[in-house]
Number of protein chains: 2
Amino acid sequence: MKLAIDHKSPIPLHIQAEQLLRELIKDPVYQAGKLLPNEVELAKKLAISRTTLRQAINKLVYEELLIRKKGFGTKVANSRISSKSMNWLSFSQEMKARGITVKNYELHVSWVFPDESTASFFDISTEKKIVKMERLRGSSDNPFVYFISYFHPRIGLTGEEDFKRPLYEMLEEEYSTIANLSKEEISALEANKFIAGKLEIETGSPVLFRKRFVYDQGERPMEYNLGYYKAESFVYTVESRRT
Amino acid sequence: MKLAIDHKSPIPLHIQAEQLLRELIKDPVYQAGKLLPNEVELAKKLAISRTTLRQAINKLVYEELLIRKKGFGTKVANSRISSKSMNWLSFSQEMKARGITVKNYELHVSWVFPDESTASFFDISTEKKIVKMERLRGSSDNPFVYFISYFHPRIGLTGEEDFKRPLYEMLEEEYSTIANLSKEEISALEANKFIAGKLEIETGSPVLFRKRFVYDQGERPMEYNLGYYKAESFVYTVESRRT
DNA sequence: CCTTAAACCATGTAAATACATAATTAACCT
DNA sequence: AGGTTAATTATGTATTTACATGGTTTAAGG
């Protein structure tokens, strides 16, 4: 674990401090509501200004990972909002846990120009082609989900990879890219003609639609994933606890 | 609307600025991704330092109400309704934060026999009546969610309570019952005739359906909640981190 | 011995300043 | 006209400085 801050790095100091703090609070020593060193001391130790350190702490406070108390100190929050971390993101593993064997109905990999929103999430130009993966998956009886994934060019995918392997395992082993954070948006949609065809339902039928924004170790965008789930066959579960 | 900042007020300047901005972006003029005045100008106009102003803007950026772009400016995010772990559980508070005034279109409280699944969750007999609350809520323009709540008899509700108050606040203050854990199941459904009528959509249109199992301090079931959200107007967001 | 006041500690608030960097626009040169 | 370069604009990063304020601990006083 990196305990110091590199002033020569192009990564902003407050980002480095933030990452450092995230690592720090994972340490068992800090788990049970323990106090952090005070800001003035810690800033001196890290050789950054108190303002910069506060900038980093602020983010974690906002995420409710840290709790500040005036005149007392900053402590590590005990219970975090767990969203039943999906084991972790892997579809096939999740299905396996439910006793469903995943069948791949279609798999298609291509190089395409990203649309506006994808390019914006990846922070790249719409003129630069990226790898797109489409997958139709389901149980042994019938397909019930259609996935579209876009991958950031930084990863360096060729499009020739073995996408039959569990995706995140492959990305980790072959490209040292680890999914670290996922932001998801879940909504209900009417199936358009294309999706309806894939999922073998009627156009206009409801589908559960999930956008997933996946970030790597450095909080950099790595995957943009769209999932269209046949309505009856999928339930998304979330568990959250008061903090 | 207050447009100025009171330097003599005991309320911190950055809090005042934050509130002012929240009001400001509600203004129709700012609705469609419009740019805010630049930080240096705005700070001068409000007679506060840029640092303080940035502190205020930061909060709204964290909440994704504003989007900053270096060298370009700060624009208002096209606010769609999302639920960032629901703040915590309260619908009206979450809407308030988004600048949407919640309107209650219908409110109906009754004593009913629980169905099988409800009785099973509460671990009570189907012969024992419980309090059921139905609510149709939405923005000032139109309803977009229909809630049904069942409450565990242990709480001791009479059905005469003031359900116009924030629910969890009322339960905490009047009955010392605190929501502590929530398990949610989200799926997509076709609106049946009843729901379609309430939400003013066509039968068969997709709705986002959420079941919520709420537990109290002692992890005992306290509320069973069903929510039917009009499809276009609701996005459920989840953020999860690898552990 | 208990209450109250003072001292202390750590975070909270606020400003002024300086320079870096990304996005846009304008000017410039082929 | 088209592409490259430079200037402009507005946010991003970082430091130093100063004082306020809410808790905690200690010390004083009845």
S.K.: Determine the interplanar angle of the Tyr224(A) and Tyr150(A) rings, folded into 0 to 90°, and report it as parallel if under 30°, tilted if 30 to 60°, perpendicular if over 60°.
M.R.: parallel
S.K.: Using the six-membered ring wherever Trp is involved, compare the ring planes of Tyr146(A) and Tyr228(A) and label them parallel, tilted or perpendicular (cut-offs 30° and 60°).
M.R.: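 Tilted.
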S.K.: Are any of the side-chain heavy atoms of Asn142(B) and Lys230(B) separated by less than 4.5 Å?
M.R.: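 A side-chain contact under 4.5 Å exists here.
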S.K.: For a 4.0 angstrom threshold against heavy atoms of chain A, report the outermost contacting nucleotides of DNA chain D in 5' to 3' order.
M.R.: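 Listed 5' to 3', the contact boundaries are dT13(D) to dT24(D).
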S.K.: Quick check on Phe163(A): does its CZ atom have over 12 non-hydrogen neighbours (other residues, nucleotides or ligands) under 6.0 Å away?
M.R.: yes
S.K.: Using a 4.0 Å heavy-atom cut-off, write out nucleotides 9-15 of chain C from 5' to 3' as B (base contacted by protein), S (sugar-phosphate only) or - (no contact).
M.R.: BBBBBSB
S.K.: Could you check whether Glu174(B) pairs with Arg165(B) (Lys NZ or Arg NE/NH1/NH2 to Asp/Glu carboxylate O, under 4.0 Å)?
M.R.: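 Yes.
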S.K.: Testing the basics here: between Glu18(A) and Ala56(A), what is the closest heavy-atom pair and its distance to 0.1 Å?
M.R.: N-CB, 3.6 Å
S.K.: Report yes or no: do Ser182(A) and Glu184(A) form a side-chain donor-acceptor pair below 3.5 Å?
M.R.: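 Per modelled atom types, Ser182(A) and Glu184(A) side chains form a pair under 3.5 Å.
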